[in-house]
Protein chains: 2
Amino acid sequence: MNHSILIIDDDTDILKVLKANLELHGFGVITAESWMTGRDILAALNQDLLLLDVMLPDGDGFDICRTIRKERPLLPIIMLTAKDKISDKIIGLDGGADDYVVKPFETLELIARIKACLRRSKPTDEELTAVGDLTIDKKRRIVSIKTREIGLTPKEYELLCFLAAHRGEVAHREDIKKLLWKEHKIYSWSRVIDVHIRHLRQKIEADPSEPYFIITIPGVGYRFRE
Amino acid sequence: MNHSILIIDDDTDILKVLKANLELHGFGVITAESWMTGRDILAALNQDLLLLDVMLPDGDGFDICRTIRKERPLLPIIMLTAKDKISDKIIGLDGGADDYVVKPFETLELIARIKACLRRSKPTDEELTAVGDLTIDKKRRIVSIKTREIGLTPKEYELLCFLAAHRGEVAHREDIKKLLWKEHKIYSWSRVIDVHIRHLRQKIEADPSEPYFIITIPGVGYRFRE
DNA sequence: ATCTCAATGTCATCCTGGTGTCATTACGTA
DNA sequence: TACGTAATGACACCAGGATGACATTGAGAT
(Lines give C-alpha, C1' and ligand atoms only; values in the text may rest on other atoms or scores of the structure.)
Protein backbone atom coordinates (compact mmCIF):
# COMPACT_ATOMS: atom_id res chain seq x y z
CA MET A 1 0.00 0.00 0.00
CA ASN A 2 2.21 2.80 -1.27
CA HIS A 3 0.50 6.06 -0.46
CA SER A 4 1.18 9.12 -2.55
CA ILE A 5 1.49 12.54 -1.00
CA LEU A 6 1.39 15.98 -2.55
CA ILE A 7 3.27 18.74 -0.76
CA ILE A 8 2.54 22.34 -1.59
CA ASP A 9 5.03 24.73 -0.02
CA ASP A 10 7.04 27.60 -1.39
CA ASP A 11 10.05 26.86 0.81
CA THR A 12 12.25 24.68 -1.38
CA ASP A 13 14.48 23.65 1.52
CA ILE A 14 11.56 22.22 3.40
CA LEU A 15 10.31 20.54 0.24
CA LYS A 16 13.64 18.82 -0.26
CA VAL A 17 13.92 17.59 3.31
CA LEU A 18 10.32 16.47 3.49
CA LYS A 19 10.40 14.70 0.17
CA ALA A 20 13.55 12.81 1.12
CA ASN A 21 12.23 11.82 4.52
CA LEU A 22 8.80 10.77 3.35
CA GLU A 23 10.21 8.77 0.48
CA LEU A 24 12.49 7.08 2.96
CA HIS A 25 9.35 6.00 4.78
CA GLY A 26 7.82 4.52 1.67
CA PHE A 27 5.58 7.32 0.50
CA GLY A 28 5.39 8.53 -3.06
CA VAL A 29 5.99 12.25 -2.98
CA ILE A 30 5.23 14.99 -5.47
CA THR A 31 6.00 18.60 -4.67
CA ALA A 32 4.67 21.91 -5.86
CA GLU A 33 5.84 25.40 -4.97
CA SER A 34 2.65 27.24 -5.69
CA TRP A 35 -1.08 26.76 -5.49
CA MET A 36 -1.27 27.14 -9.26
CA THR A 37 0.82 24.08 -10.03
CA GLY A 38 -0.41 22.22 -6.98
CA ARG A 39 -3.96 22.54 -8.17
CA ASP A 40 -3.05 21.13 -11.57
CA ILE A 41 -1.29 18.15 -10.01
CA LEU A 42 -4.26 17.55 -7.76
CA ALA A 43 -6.56 17.52 -10.75
CA ALA A 44 -4.32 15.30 -12.83
CA LEU A 45 -3.17 12.73 -10.29
CA ASN A 46 -5.00 10.89 -7.62
CA GLN A 47 -2.95 11.68 -4.53
CA ASP A 48 -3.82 10.13 -1.22
CA LEU A 49 -2.97 13.04 1.03
CA LEU A 50 -2.15 16.72 0.83
CA LEU A 51 0.40 18.61 2.92
CA LEU A 52 -0.53 22.23 2.50
CA ASP A 53 1.45 25.25 3.60
CA VAL A 54 -0.63 28.10 4.94
CA MET A 55 1.44 30.84 3.41
CA LEU A 56 1.74 30.53 -0.34
CA PRO A 57 2.78 33.24 -2.80
CA ASP A 58 -0.43 32.91 -4.76
CA GLY A 59 -3.11 32.10 -2.24
CA ASP A 60 -4.16 31.78 1.36
CA GLY A 61 -3.95 28.23 2.72
CA PHE A 62 -7.26 28.41 4.52
CA ASP A 63 -9.15 29.54 1.45
CA ILE A 64 -7.43 26.89 -0.61
CA CYS A 65 -8.34 24.26 1.94
CA ARG A 66 -11.99 25.17 1.75
CA THR A 67 -11.88 25.24 -2.04
CA ILE A 68 -10.40 21.76 -2.21
CA ARG A 69 -12.93 20.43 0.27
CA LYS A 70 -15.77 21.36 -2.02
CA GLU A 71 -14.36 19.28 -4.84
CA ARG A 72 -12.66 16.52 -2.90
CA PRO A 73 -14.44 16.11 0.39
CA LEU A 74 -12.58 12.92 1.21
CA LEU A 75 -9.00 13.98 0.53
CA PRO A 76 -7.03 14.09 3.78
CA ILE A 77 -5.42 17.49 4.25
CA ILE A 78 -2.75 18.40 6.77
CA MET A 79 -2.00 22.10 7.15
CA LEU A 80 1.61 23.10 7.52
CA THR A 81 2.57 26.47 8.87
CA ALA A 82 5.07 28.66 10.61
CA LYS A 83 2.42 30.60 12.40
CA ASP A 84 1.58 29.12 15.73
CA LYS A 85 -1.14 31.45 16.76
CA ILE A 86 -4.11 29.65 18.16
CA SER A 87 -6.60 31.48 16.00
CA ASP A 88 -4.91 30.13 12.92
CA LYS A 89 -5.10 26.62 14.23
CA ILE A 90 -8.79 26.95 14.81
CA ILE A 91 -9.43 28.35 11.38
CA GLY A 92 -7.43 25.54 9.88
CA LEU A 93 -9.30 22.78 11.62
CA ASP A 94 -12.68 24.37 11.11
CA GLY A 95 -11.87 25.05 7.49
CA GLY A 96 -11.83 21.35 6.90
CA ALA A 97 -8.21 20.41 7.41
CA ASP A 98 -7.81 17.04 9.06
CA ASP A 99 -4.78 18.03 11.06
CA TYR A 100 -2.45 20.88 11.70
CA VAL A 101 1.31 20.88 12.17
CA VAL A 102 3.41 23.83 13.24
CA LYS A 103 6.85 24.52 11.78
CA PRO A 104 9.43 23.76 12.83
CA PHE A 105 8.23 20.21 13.35
CA GLU A 106 9.81 16.87 13.98
CA THR A 107 9.65 14.75 10.88
CA LEU A 108 8.74 11.72 12.92
CA GLU A 109 5.76 13.45 14.41
CA LEU A 110 4.62 14.58 11.01
CA ILE A 111 4.87 11.05 9.70
CA ALA A 112 2.90 9.77 12.66
CA ARG A 113 0.18 12.31 11.92
CA ILE A 114 0.19 11.42 8.24
CA LYS A 115 -0.24 7.76 9.08
CA ALA A 116 -3.02 8.57 11.51
CA CYS A 117 -4.74 10.65 8.86
CA LEU A 118 -4.47 7.95 6.22
CA ARG A 119 -5.69 5.34 8.65
CA ARG A 120 -8.80 7.39 9.28
CA SER A 121 -9.57 7.90 5.63
CA LYS A 122 -9.84 4.36 4.35
CA PRO A 123 -11.93 4.77 1.25
CA THR A 124 -8.97 5.55 -0.94
CA ASP A 125 -8.52 2.49 -3.06
CA GLU A 126 -11.11 -0.14 -2.38
CA GLU A 127 -14.09 2.07 -1.93
CA LEU A 128 -13.24 5.04 -4.03
CA THR A 129 -11.78 4.99 -7.48
CA ALA A 130 -10.88 8.01 -9.51
CA VAL A 131 -9.61 8.13 -13.05
CA GLY A 132 -9.24 11.61 -14.40
CA ASP A 133 -12.56 13.36 -14.01
CA LEU A 134 -14.38 10.14 -13.31
CA THR A 135 -15.08 9.10 -9.74
CA ILE A 136 -16.63 5.88 -8.49
CA ASP A 137 -17.78 5.96 -4.90
CA LYS A 138 -18.67 2.40 -4.04
CA LYS A 139 -20.06 3.14 -0.62
CA ARG A 140 -22.57 5.55 -2.02
CA ARG A 141 -22.82 3.74 -5.32
CA ILE A 142 -22.39 7.07 -7.04
CA VAL A 143 -20.51 7.65 -10.23
CA SER A 144 -19.71 11.18 -11.18
CA ILE A 145 -17.82 13.15 -13.76
CA LYS A 146 -16.24 16.21 -12.21
CA THR A 147 -19.08 16.99 -9.86
CA ARG A 148 -21.94 15.89 -12.07
CA GLU A 149 -23.58 12.72 -10.88
CA ILE A 150 -24.22 9.97 -13.43
CA GLY A 151 -27.09 7.54 -13.08
CA LEU A 152 -26.10 3.99 -13.99
CA THR A 153 -28.15 0.82 -14.19
CA PRO A 154 -26.98 -2.23 -12.19
CA LYS A 155 -25.35 -3.88 -15.19
CA GLU A 156 -23.66 -0.68 -16.29
CA TYR A 157 -22.39 -0.06 -12.77
CA GLU A 158 -21.02 -3.57 -12.34
CA LEU A 159 -19.35 -3.39 -15.70
CA LEU A 160 -17.77 -0.05 -14.97
CA CYS A 161 -16.49 -1.21 -11.58
CA PHE A 162 -14.96 -4.28 -13.14
CA LEU A 163 -13.24 -2.32 -15.87
CA ALA A 164 -12.04 0.35 -13.47
CA ALA A 165 -10.78 -2.23 -10.98
CA HIS A 166 -8.58 -3.67 -13.70
CA ARG A 167 -7.80 -0.36 -15.28
CA GLY A 168 -4.85 -0.56 -17.59
CA GLU A 169 -5.32 -4.27 -18.18
CA VAL A 170 -7.40 -5.79 -20.91
CA ALA A 171 -10.72 -7.16 -19.78
CA HIS A 172 -11.36 -10.23 -21.87
CA ARG A 173 -14.88 -10.60 -23.21
CA GLU A 174 -15.13 -13.96 -21.49
CA ASP A 175 -14.25 -12.40 -18.14
CA ILE A 176 -16.86 -9.71 -18.54
CA LYS A 177 -19.41 -12.32 -19.48
CA LYS A 178 -18.56 -14.35 -16.42
CA LEU A 179 -18.86 -11.29 -14.22
CA LEU A 180 -22.17 -9.97 -15.45
CA TRP A 181 -23.95 -13.29 -15.89
CA LYS A 182 -22.53 -15.69 -13.34
CA GLU A 183 -25.35 -18.14 -13.86
CA HIS A 184 -25.33 -17.67 -17.61
CA LYS A 185 -28.82 -16.98 -18.79
CA ILE A 186 -27.65 -15.95 -22.21
CA TYR A 187 -28.15 -18.52 -24.92
CA SER A 188 -27.77 -17.11 -28.35
CA TRP A 189 -24.59 -15.23 -27.73
CA SER A 190 -25.47 -11.95 -29.24
CA ARG A 191 -23.66 -8.74 -28.61
CA VAL A 192 -25.06 -7.80 -25.22
CA ILE A 193 -21.70 -6.71 -23.88
CA ASP A 194 -21.23 -4.27 -26.72
CA VAL A 195 -24.62 -2.80 -26.01
CA HIS A 196 -23.84 -2.22 -22.34
CA ILE A 197 -20.47 -0.78 -23.25
CA ARG A 198 -22.26 1.58 -25.58
CA HIS A 199 -24.67 2.69 -22.88
CA LEU A 200 -21.77 3.24 -20.52
CA ARG A 201 -19.88 5.26 -23.09
CA GLN A 202 -22.92 7.37 -23.80
CA LYS A 203 -23.08 8.21 -20.13
CA ILE A 204 -19.45 8.71 -19.15
CA GLU A 205 -17.61 9.67 -22.32
CA ALA A 206 -17.46 13.27 -23.45
CA ASP A 207 -17.61 12.02 -27.03
CA PRO A 208 -18.95 8.44 -27.17
CA SER A 209 -17.70 7.98 -30.72
CA GLU A 210 -14.17 8.84 -29.62
CA PRO A 211 -13.96 6.96 -26.31
CA TYR A 212 -11.43 8.16 -23.78
CA PHE A 213 -12.09 5.84 -20.84
CA ILE A 214 -13.22 2.59 -22.43
CA ILE A 215 -10.92 1.50 -25.21
CA THR A 216 -11.84 -1.31 -27.57
CA ILE A 217 -9.30 -4.07 -28.09
CA PRO A 218 -10.57 -5.78 -31.23
CA GLY A 219 -10.93 -9.51 -30.95
CA VAL A 220 -10.18 -9.49 -27.23
CA GLY A 221 -12.29 -7.16 -25.17
CA TYR A 222 -11.95 -3.73 -23.61
CA ARG A 223 -9.40 -1.83 -21.60
CA PHE A 224 -10.06 0.93 -19.11
CA ARG A 225 -7.93 4.04 -19.20
CA GLU A 226 -5.21 4.09 -16.59
CA MET B 1 -26.12 18.66 18.60
CA ASN B 2 -25.13 18.20 22.21
CA HIS B 3 -22.07 15.99 22.31
CA SER B 4 -21.01 14.37 25.53
CA ILE B 5 -17.39 14.15 26.53
CA LEU B 6 -15.67 12.05 29.13
CA ILE B 7 -12.47 13.44 30.62
CA ILE B 8 -10.12 11.16 32.51
CA ASP B 9 -7.38 13.03 34.32
CA ASP B 10 -6.07 12.90 37.86
CA ASP B 11 -5.39 16.64 38.03
CA THR B 12 -8.56 18.05 39.59
CA ASP B 13 -7.65 21.62 38.71
CA ILE B 14 -7.49 20.80 35.03
CA LEU B 15 -10.70 18.84 35.29
CA LYS B 16 -12.50 21.82 36.79
CA VAL B 17 -11.27 24.28 34.19
CA LEU B 18 -11.90 21.95 31.28
CA LYS B 19 -15.34 20.98 32.43
CA ALA B 20 -16.36 24.61 32.85
CA ASN B 21 -14.97 25.63 29.48
CA LEU B 22 -16.38 22.73 27.54
CA GLU B 23 -19.79 23.12 29.10
CA LEU B 24 -19.64 26.76 28.15
CA HIS B 25 -19.25 25.59 24.58
CA GLY B 26 -22.26 23.37 24.73
CA PHE B 27 -20.73 20.00 25.51
CA GLY B 28 -21.99 17.64 28.13
CA VAL B 29 -19.04 16.80 30.35
CA ILE B 30 -18.41 13.96 32.75
CA THR B 31 -15.12 13.65 34.59
CA ALA B 32 -13.21 10.83 36.15
CA GLU B 33 -10.01 10.94 38.13
CA SER B 34 -8.88 7.41 37.52
CA TRP B 35 -9.01 4.76 34.85
CA MET B 36 -11.01 2.58 37.18
CA THR B 37 -13.98 4.93 37.39
CA GLY B 38 -13.47 6.16 33.84
CA ARG B 39 -13.86 2.65 32.53
CA ASP B 40 -17.09 2.19 34.42
CA ILE B 41 -18.52 5.41 33.03
CA LEU B 42 -17.46 4.45 29.56
CA ALA B 43 -19.25 1.15 29.88
CA ALA B 44 -22.38 2.65 31.38
CA LEU B 45 -22.84 5.75 29.27
CA ASN B 46 -22.52 6.30 25.59
CA GLN B 47 -20.08 9.18 25.42
CA ASP B 48 -19.18 10.77 22.12
CA LEU B 49 -15.53 11.49 22.81
CA LEU B 50 -12.84 10.72 25.30
CA LEU B 51 -10.17 13.09 26.59
CA LEU B 52 -7.55 10.85 28.11
CA ASP B 53 -4.58 11.87 30.20
CA VAL B 54 -1.43 9.90 29.59
CA MET B 55 -0.35 9.76 33.21
CA LEU B 56 -2.91 8.21 35.46
CA PRO B 57 -2.39 6.82 38.94
CA ASP B 58 -3.73 3.42 37.95
CA GLY B 59 -2.65 2.89 34.38
CA ASP B 60 -0.64 4.01 31.41
CA GLY B 61 -2.57 6.14 28.94
CA PHE B 62 -1.19 4.39 25.91
CA ASP B 63 -2.14 0.95 27.14
CA ILE B 64 -5.56 2.22 28.09
CA CYS B 65 -5.97 3.73 24.66
CA ARG B 66 -5.22 0.44 22.96
CA THR B 67 -7.53 -1.39 25.32
CA ILE B 68 -10.42 0.93 24.57
CA ARG B 69 -9.78 0.70 20.85
CA LYS B 70 -10.35 -3.02 20.93
CA GLU B 71 -13.78 -2.57 22.42
CA ARG B 72 -14.81 0.70 20.87
CA PRO B 73 -13.00 1.15 17.59
CA LEU B 74 -15.10 4.15 16.63
CA LEU B 75 -14.87 6.19 19.81
CA PRO B 76 -12.86 9.34 19.17
CA ILE B 77 -9.98 9.62 21.63
CA ILE B 78 -7.80 12.65 22.25
CA MET B 79 -4.69 12.13 24.33
CA LEU B 80 -3.85 14.77 26.86
CA THR B 81 -0.39 15.00 28.34
CA ALA B 82 2.32 17.07 29.93
CA LYS B 83 5.02 15.14 28.16
CA ASP B 84 5.91 16.73 24.89
CA LYS B 85 8.49 14.28 23.75
CA ILE B 86 8.06 13.31 20.15
CA SER B 87 8.26 9.62 20.85
CA ASP B 88 5.24 9.86 23.08
CA LYS B 89 3.29 11.61 20.38
CA ILE B 90 4.05 8.88 17.94
CA ILE B 91 3.08 6.15 20.33
CA GLY B 92 -0.13 8.00 21.03
CA LEU B 93 -1.16 8.37 17.43
CA ASP B 94 -0.09 4.90 16.45
CA GLY B 95 -1.77 3.47 19.50
CA GLY B 96 -5.07 4.52 18.05
CA ALA B 97 -5.62 7.97 19.48
CA ASP B 98 -7.27 10.33 17.03
CA ASP B 99 -5.38 13.34 18.21
CA TYR B 100 -2.87 14.49 20.73
CA VAL B 101 -2.71 17.66 22.75
CA VAL B 102 0.19 18.80 24.89
CA LYS B 103 -0.30 20.52 28.24
CA PRO B 104 -0.36 23.36 28.80
CA PHE B 105 -2.77 23.95 25.96
CA GLU B 106 -5.05 26.70 24.84
CA THR B 107 -8.64 25.78 25.54
CA LEU B 108 -9.71 27.16 22.19
CA GLU B 109 -7.31 24.93 20.35
CA LEU B 110 -8.48 21.93 22.28
CA ILE B 111 -12.07 22.74 21.44
CA ALA B 112 -11.19 23.12 17.79
CA ARG B 113 -9.53 19.72 17.84
CA ILE B 114 -12.49 18.19 19.63
CA LYS B 115 -14.82 19.56 17.00
CA ALA B 116 -12.59 18.33 14.22
CA CYS B 117 -12.50 14.89 15.82
CA LEU B 118 -16.26 14.75 16.23
CA ARG B 119 -16.77 15.88 12.68
CA ARG B 120 -14.62 13.01 11.49
CA SER B 121 -16.19 10.43 13.71
CA LYS B 122 -18.92 8.30 12.22
CA PRO B 123 -22.44 9.53 12.68
CA THR B 124 -23.36 6.04 13.81
CA ASP B 125 -23.85 6.78 17.44
CA GLU B 126 -25.21 10.25 17.11
CA GLU B 127 -27.96 11.10 19.48
CA LEU B 128 -29.52 13.59 17.18
CA THR B 129 -29.61 13.52 13.42
CA ALA B 130 -30.77 16.31 11.20
CA VAL B 131 -31.04 16.23 7.44
CA GLY B 132 -32.68 19.24 5.92
CA ASP B 133 -36.01 19.74 7.63
CA LEU B 134 -35.98 16.26 9.10
CA THR B 135 -34.84 15.71 12.67
CA ILE B 136 -34.39 12.46 14.52
CA ASP B 137 -34.04 12.76 18.26
CA LYS B 138 -32.91 9.35 19.39
CA LYS B 139 -32.99 10.14 23.07
CA ARG B 140 -36.65 11.01 22.95
CA ARG B 141 -37.46 8.78 19.98
CA ILE B 142 -39.07 11.70 18.23
CA VAL B 143 -38.98 12.34 14.52
CA SER B 144 -40.10 15.67 13.22
CA ILE B 145 -40.25 17.70 10.05
CA LYS B 146 -39.59 21.36 10.70
CA THR B 147 -41.43 21.50 13.99
CA ARG B 148 -44.20 19.08 13.17
CA GLU B 149 -43.84 15.81 14.99
CA ILE B 150 -44.22 12.59 12.99
CA GLY B 151 -45.55 9.41 14.52
CA LEU B 152 -43.64 6.35 13.38
CA THR B 153 -44.20 2.68 14.08
CA PRO B 154 -41.28 0.68 15.54
CA LYS B 155 -40.32 -0.84 12.20
CA GLU B 156 -40.55 2.49 10.44
CA TYR B 157 -38.45 4.13 13.12
CA GLU B 158 -35.77 1.45 13.06
CA LEU B 159 -35.63 1.62 9.31
CA LEU B 160 -35.36 5.38 9.28
CA CYS B 161 -32.61 5.37 11.90
CA PHE B 162 -30.66 2.80 9.97
CA LEU B 163 -30.91 4.72 6.74
CA ALA B 164 -30.11 8.01 8.42
CA ALA B 165 -27.16 6.56 10.32
CA HIS B 166 -25.65 5.55 7.02
CA ARG B 167 -26.88 8.57 5.18
CA GLY B 168 -25.11 9.00 1.92
CA GLU B 169 -24.19 5.35 1.70
CA VAL B 170 -26.26 2.67 0.04
CA ALA B 171 -28.25 0.47 2.34
CA HIS B 172 -28.29 -2.93 0.69
CA ARG B 173 -31.62 -4.75 0.79
CA GLU B 174 -29.90 -7.61 2.56
CA ASP B 175 -28.62 -5.28 5.26
CA ILE B 176 -32.05 -3.82 5.83
CA LYS B 177 -33.49 -7.31 6.03
CA LYS B 178 -30.90 -8.30 8.58
CA LEU B 179 -31.59 -5.20 10.61
CA LEU B 180 -35.37 -5.40 10.73
CA TRP B 181 -35.70 -9.15 11.08
CA LYS B 182 -32.66 -10.51 12.84
CA GLU B 183 -32.10 -13.63 10.79
CA HIS B 184 -35.61 -15.10 10.62
CA LYS B 185 -39.38 -14.67 10.54
CA ILE B 186 -39.98 -14.04 6.88
CA TYR B 187 -40.73 -16.97 4.61
CA SER B 188 -41.96 -16.08 1.21
CA TRP B 189 -39.66 -13.23 0.58
CA SER B 190 -42.20 -10.78 -0.57
CA ARG B 191 -41.80 -7.06 -0.70
CA VAL B 192 -42.09 -6.14 2.96
CA ILE B 193 -39.19 -3.75 2.79
CA ASP B 194 -40.77 -1.85 -0.06
CA VAL B 195 -43.97 -1.56 1.91
CA HIS B 196 -42.24 -0.09 4.95
CA ILE B 197 -40.29 2.24 2.72
CA ARG B 198 -43.55 3.36 1.22
CA HIS B 199 -45.08 4.01 4.63
CA LEU B 200 -42.01 5.97 5.65
CA ARG B 201 -42.12 8.01 2.47
CA GLN B 202 -45.78 8.77 2.96
CA LYS B 203 -44.95 10.13 6.37
CA ILE B 204 -41.72 12.05 5.83
CA GLU B 205 -41.69 12.99 2.18
CA ALA B 206 -43.37 16.14 0.96
CA ASP B 207 -44.26 14.30 -2.24
CA PRO B 208 -43.99 10.51 -1.75
CA SER B 209 -43.99 9.92 -5.49
CA GLU B 210 -40.97 12.18 -5.87
CA PRO B 211 -38.89 11.13 -2.84
CA TYR B 212 -36.35 13.59 -1.53
CA PHE B 213 -34.96 11.74 1.47
CA ILE B 214 -35.16 8.07 0.55
CA ILE B 215 -33.67 7.40 -2.84
CA THR B 216 -34.16 4.07 -4.59
CA ILE B 217 -31.10 2.35 -5.99
CA PRO B 218 -32.56 -0.19 -8.39
CA GLY B 219 -31.21 -3.67 -7.89
CA VAL B 220 -29.37 -2.72 -4.73
CA GLY B 221 -31.42 -1.01 -2.08
CA TYR B 222 -31.96 2.50 -0.84
CA ARG B 223 -29.90 5.51 0.05
CA PHE B 224 -30.71 8.28 2.47
CA ARG B 225 -30.18 11.85 1.42
CA GLU B 226 -26.98 13.31 2.75
C1' DA C 1 -63.12 -14.02 27.11
C1' DT C 2 -64.13 -10.52 23.10
C1' DC C 3 -63.50 -6.19 20.73
C1' DT C 4 -60.73 -2.75 18.59
C1' DC C 5 -57.17 -0.70 16.46
C1' DA C 6 -52.73 -0.20 14.97
C1' DA C 7 -48.76 -2.55 13.16
C1' DT C 8 -47.08 -5.75 10.19
C1' DG C 9 -46.91 -9.05 6.33
C1' DT C 10 -48.91 -10.90 1.82
C1' DC C 11 -50.73 -10.56 -2.55
C1' DA C 12 -52.34 -8.83 -7.22
C1' DT C 13 -51.67 -5.34 -10.38
C1' DC C 14 -49.50 -1.63 -12.78
C1' DC C 15 -45.87 0.43 -14.96
C1' DT C 16 -41.32 2.04 -15.91
C1' DG C 17 -37.01 1.50 -17.55
C1' DG C 18 -33.39 -2.11 -17.62
C1' DT C 19 -32.03 -5.75 -20.48
C1' DG C 20 -31.41 -8.68 -24.51
C1' DT C 21 -32.11 -9.39 -29.62
C1' DC C 22 -31.61 -8.23 -34.16
C1' DA C 23 -30.80 -5.77 -38.55
C1' DT C 24 -27.99 -2.48 -40.36
C1' DT C 25 -23.98 0.30 -40.76
C1' DA C 26 -19.11 1.40 -40.04
C1' DC C 27 -14.46 0.07 -39.49
C1' DG C 28 -10.11 -2.29 -40.00
C1' DT C 29 -7.29 -5.65 -42.18
C1' DA C 30 -5.74 -9.22 -45.33
C1' DT D 1 -12.29 -6.27 -52.81
C1' DA D 2 -14.22 -9.37 -49.11
C1' DC D 3 -14.49 -10.77 -44.43
C1' DG D 4 -14.89 -10.47 -39.55
C1' DT D 5 -15.78 -7.75 -35.76
C1' DA D 6 -17.57 -3.62 -33.43
C1' DA D 7 -20.84 0.28 -33.28
C1' DT D 8 -25.36 1.83 -33.72
C1' DG D 9 -30.49 2.30 -33.69
C1' DA D 10 -34.79 0.26 -33.07
C1' DC D 11 -37.57 -2.58 -30.55
C1' DA D 12 -39.72 -6.32 -27.70
C1' DC D 13 -39.92 -8.21 -23.35
C1' DC D 14 -39.73 -8.72 -18.69
C1' DA D 15 -37.91 -7.88 -13.82
C1' DG D 16 -38.18 -5.19 -10.13
C1' DG D 17 -40.18 -1.45 -7.61
C1' DA D 18 -44.48 1.23 -6.60
C1' DT D 19 -48.98 1.00 -5.26
C1' DG D 20 -53.52 -0.34 -3.28
C1' DA D 21 -56.19 -3.65 -1.01
C1' DC D 22 -56.47 -6.96 2.26
C1' DA D 23 -55.13 -10.65 5.84
C1' DT D 24 -52.95 -11.56 10.06
C1' DT D 25 -51.02 -10.56 14.33
C1' DG D 26 -50.73 -8.70 18.91
C1' DA D 27 -51.50 -5.48 22.68
C1' DG D 28 -54.84 -3.00 25.37
C1' DA D 29 -59.27 -1.98 26.85
C1' DT D 30 -63.67 -3.54 28.36
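Numbers restart at 1 for each chain; the letters A, B, ... are given by sequence-line order, proteins then strands.
Close to C:dG20, at under 4.0 Å from its OP1 or OP2, lies a side-chain N or O of A:Trp181. Side-chain nitrogen and oxygen atoms of A:His196 include at least one within less than 4.0 Å of the OP1 or OP2 phosphate oxygen of C:dG20. Put simply, A:Thr153 has a side-chain N or O that comes within less than 4.0 Å of OP1 or OP2 on C:dT19.
By the salt bridge (Lys or Arg N to Asp or Glu O under 4.0 Å) test, B:Lys16 is found to be paired with no residue, residues two or more places apart in sequence or in another chain being considered. Scored by the salt bridge (Lys or Arg N to Asp or Glu O under 4.0 Å) test, A:Asp58 finds no partners at all (sequence neighbours excluded). The side chain to side chain donor-acceptor pair (under 3.5 Å) test applied to B:Arg140 returns B:Asp137, not counting sequence neighbours. Applying the side-chain contact (heavy atoms from CB on, under 4.5 Å) test to B:Val220 and every residue at least two apart in sequence or in another chain returns A:Arg141, B:Val170, B:His172, B:Ile217. Among residues two or more places apart in sequence or in another chain, the side chain to side chain donor-acceptor pair (under 3.5 Å) test is passed with B:Asp194 by B:Arg173, B:Arg191. Under the salt bridge (Lys or Arg N to Asp or Glu O under 4.0 Å) criterion, B:Glu205 pairs with no residue at all, not counting sequence neighbours. B:Thr37 meets the side chain to side chain donor-acceptor pair (under 3.5 Å) test with B:Ser34; sequence neighbours excluded. In this structure, the salt bridge (Lys or Arg N to Asp or Glu O under 4.0 Å) partners of B:Glu23, at least two apart in sequence or on a different chain, are B:Lys19.
Separating the NZ atom of A:Lys177 from the P atom of C:dG20 is a distance of 13 Å, rounded to the nearest angstrom. Rounding to whole angstrom units, CG of residue A:Leu180 and C1' of D:dA15 are separated by 17 Å. The separation between B:Glu156 atom CD and C:dA6 atom P is 13 Å, rounded to whole Å. Taking atom CD on B:Glu205 and atom C1' on D:dT19, their separation rounds to 16 Å, with Å as the unit. Between the NE2 atom of B:His199 and the P atom of D:dA21 there is a distance of 12 Å, given to the nearest Å.
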Trace of the side chain to side chain contact (heavy atoms under 4.5 Å, CB included) decision for A:Ile197 with A:Thr216: CA-CA 10 Å; A:Ile197 291 282; A:Thr216 304; 5.9 Å; no
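Between the CD1 atom of B:Ile111 and the NE2 atom of B:His25 there is a distance of 3.5 Å, given to the nearest 0.5 Å.
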Give me, pair by pair, the N or O atoms of the protein and of nucleotides 13-16 of chain C that are less than 3.5 Å apart, along with how far apart they are.
none

Just the atom pairs and distances: protein N or O near nucleotides 4-8 of chain D's N or O, under 3.5 Å.
residue: D:dA6; atom: OP1; partner: A:Arg173; partner atom: NH1; Å: 3.2
residue: D:dA6; atom: OP1; partner: A:Gly219; partner atom: N; Å: 3.2
residue: D:dA6; atom: OP2; partner: A:Arg191; partner atom: NH1; Å: 3.2
residue: D:dA6; atom: OP2; partner: A:Arg191; partner atom: NH2; Å: 2.6
residue: D:dA7; atom: OP1; partner: A:Arg201; partner atom: NH1; Å: 2.7
residue: D:dA7; atom: OP1; partner: A:Thr216; partner atom: OG1; Å: 2.6
residue: D:dA7; atom: OP2; partner: A:Tyr222; partner atom: OH; Å: 2.8

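Recorded end-axis angle for the helix from C:dA1-D:dT30 to C:dA30-D:dT1 stands at 30°, based on five pairs per end and rounded to 10 degrees.
For residues 217-226 of chain A, the set of pairs meeting the side chain to side chain donor-acceptor pair (under 3.5 Å) definition, not counting sequence neighbours, is empty.
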